[in-house]
Amino acid sequence: MSRDDPPASATRLRSAALVGNPNAGKSALFNALTGARQKIANYPGVTVERKAGRLALPSRDGRGETVELLDLPGSYSFDAASPDEAVTRDVVSGEFQGERAPDVLVIVLDAANLEQHLVFAQEVLELGRPTVVALNMVDLAERDGLVLDPDALSEALGVPVIPTVAVRRKGLAELTAAIAEAESHADEELHRRWHLTLPERRLSAKHIARAAILSKSTRHTIENGADRVLLNPWLGPVILFGLLFVVFQAVFAWATPFADALEGVVGALSGVVSEALPAGLVRDFLTEGVLAGVGSVVVFLPQIIILFFFILIMEATGYMARAAFLMDRLMASVGLSGRSFIPLLSSFACAIPGIMATRSISDPKDRLTTILIAPLMTCSARLPVYAVIIAAFIPATTVGPGIGLQGLVLFALYVAGIVGAMVVAFVLRFTVAKGGASGFIMEMPRYQLPRIKDLAIGLWQRAWVFLRRAGTIIFVATIALWVLLSFPRAEPGESQLDASYAGAVADTLHPVLEPVGFNREMSLALIPALAAREVAVTALATTYAVDADDEELEAQGVTDRISALWSLPTALAFLAWFVFAPQCLSTIAVTKRETNGWKWPIFMTVYLFALAWIFAGLTYWVAVGLGL
Ligand SMILES: Nc1nc2c(ncn2[C@@H]2O[C@H](COP(=O)(O)OP(=O)(O)OP(=O)(O)O)[C@@H](O)[C@H]2O)c(=O)[nH]1
Ligand SMILES: [Mg+2]
């Protein structure tokens, strides 16, 4: 492949791209070099898109140059099997959306998995383009007792090899310098590369790796021991299940004091506003709309942080990839592969990145099925909804040593989503997405201790995402609802909800939802909650605040109001609804984008609403039948 437009001078680079196997540390290098905050995690398939950043190269002649650095999805070969690998192939070959091919390729190798990573590296080198190799993760190689010889590797590959430790910012200056120099000594020898077949590349990778490894001591024992336990077919799932159980216990047990404190702050603010402002629309707007509404969801920040604390630790240590491996058998039994596990796991944060992460699935039917069930994984936006209902109806008692009932119910709701997803996948694989299950190969990342700084940044990003949602989409949806609830003003003696526009809207939707036990306020809350699920909570809070006819009622939190006004079967039906309902327009939009059309998003919306209605109904009718 040749560049159609060679740069005028050797130092005038325009772009460089990071390429290599998944989990080699490309995004970690990219972040270190450009100051970006791309997601990195200890499992393959994290990056699924092309991302660009700016890298300042050292100036040789006083003219420093800034180049565009590209982070790409990990790839095993240019014979792209999955949509994310296709991105890498297209960017490298200059076929990506009319963009020029990058001027320099930076191959990122995992020093501790040299032989494996050299297979694709050779394919990249065969392009004969200006190339630099970052021999990354040399710290892990050392930990494993490997002593490497970068010069020998450089000799064998015919390009500069720079040892790096992306996460400790080691070797960055040398790497940048090598990128700056790359074009000047590319041309002569490189174009003469011959092309190997895959088996030849494998064989040669073995030879090159052997020559570059100076000494090797086997220190894999601890890791192997850990894997024998954690990946044991019987013990492994038990440990995984136990771990998740602890996570959900912690979400309630640890968060409660913080959530209570935040609730106190919101209550106190509301008191201050009521004192300071005269009765009227402005005061109502602030107390009913902003504080009762948006405040009611912000108090769940501690829960969200605790949940992500565990998720980030499991990701960083390398345990998540083991979990995927453990789940492979279960997934295979419903016609999916363990490949789907990571996208589904991401969907616990939010279905949108989850659906995007399906790009690493090569089989189109597998991928479609995964997209369609991703919304059934309990995203973090459901957490406030679940938490508020659980707090209102489930007593904070223990059902065994250290096992809180509230955490148990939360766990059960997550499990319900997973079981629902598996059943749906099974059905889809025999109907609309028919096809055989594809095999699953995933390399196990090494165990690593999570770095405190990465963890802190990850948690901060999560908290920020949540607060930004609260300040934007949740705020807007809640305020819009407050306006619809507040006008027209009620006559004396009439309830404000009955008089309002929102009341009229609720009356049209309510007949559909009444059979499954929903009251009018719940029906109403579902509409703005399409913008974001958390809005169900803010909407209920605002509705009850607007409708409260005296100050004392208004001062009560949403939890107290619903526990006083709803029956237990109604509350349980609401929980069941949220396990299934596609209460999120953005998810539907991203499904349209990823499936290139309206067919599947519509299918998804219809089947999820149908399930939500049926399961809310079943829950309600059974609960009423049991006399709850
Ligand atoms: N110890 C150590 N860990 C590293 C190094 N570079 C990256 N990591 C870790 O390796 C894991 C994978 O890094 P990523 O940057 O996400 O890998 P990637 O190549 O972008 O992976 P994909 O996006 O899946 O292709 C993360 O847990 C990083 O923290 C390194 O030099 N040393
Ligand atoms: Mg990446």
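We count ligands from 1, going down the list as the structure has it; atoms in each ligand are counted the same way. Bear in mind the structure is a predicted one, so any value in this text is a computation, not a measurement.
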Would the F411 and F245 ring centres measure less than 6.0 Å apart?
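Between F245 and F411, which both carry aromatic rings, the centre distance is below 6.0 Å.
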
Looking only at the aromatic ring of each residue, does the gap between the centers of F78 and F120 stay below 6.0 angstrom?
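Between F120 and F78, the centre distance is under 6.0 Å.
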
What angle, in degrees and rounded to 10°, do you get at the Mg ion (ligand 2) when you join it to OG1 of T47 and to OG of S27?
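About 90°, to the nearest ten degrees.
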
Should [X] be counted as touching ligand 1, given the test is an N or O pair under 3.5 Å?
X    : value
P22  : no
Q448 : yes
P73  : no
K39  : no
P44  : no
I40  : no

Identify, by atom number and element, the atoms of ligand 1 in contact range of G45, meaning under 4.0 Å from any of its heavy atoms.
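Counting atoms of ligand 1 from 1, those under 4.0 Å from G45 are 24 (O).
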
Which of the numbered atoms in ligand 1 are below 4.0 angstrom from a heavy atom of N23?
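Listed by number with element: 11 (C), 12 (C), 17 (O), 18 (P), 19 (O), 21 (O), 22 (P), 24 (O), 25 (O).
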
Is there side-chain contact between V67 and V104, with at least one heavy-atom pair below 4.5 Å?
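Counting from C-beta outward, V67 and V104 never come under 4.5 Å.
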
Nearest option to atom 29 (O) of ligand 1, as decided by whichever heavy atom of R451, E315, Q38 sits closest:
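When every heavy atom of R451, E315, Q38 is considered, R451 comes closest to atom 29 (O) of ligand 1.
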
Tell me which one of T317, L135, D139 gets a heavy atom nearest to atom 2 (C) of ligand 1.
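Ranked by closest heavy atom to atom 2 (C) of ligand 1, first place is D139.
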
Examine ligand 1 and decide if any of its atoms is less than 4.0 Å from a heavy atom belonging to R168.
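For ligand 1, residue contact (heavy atoms, under 4.0 Å) with R168 is absent.
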
Report yes or no: does A316 have a heavy atom closer than 4.0 Å to ligand 1?
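Judged by the 4.0 Å heavy-atom criterion, A316 does not count as contacting ligand 1.
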
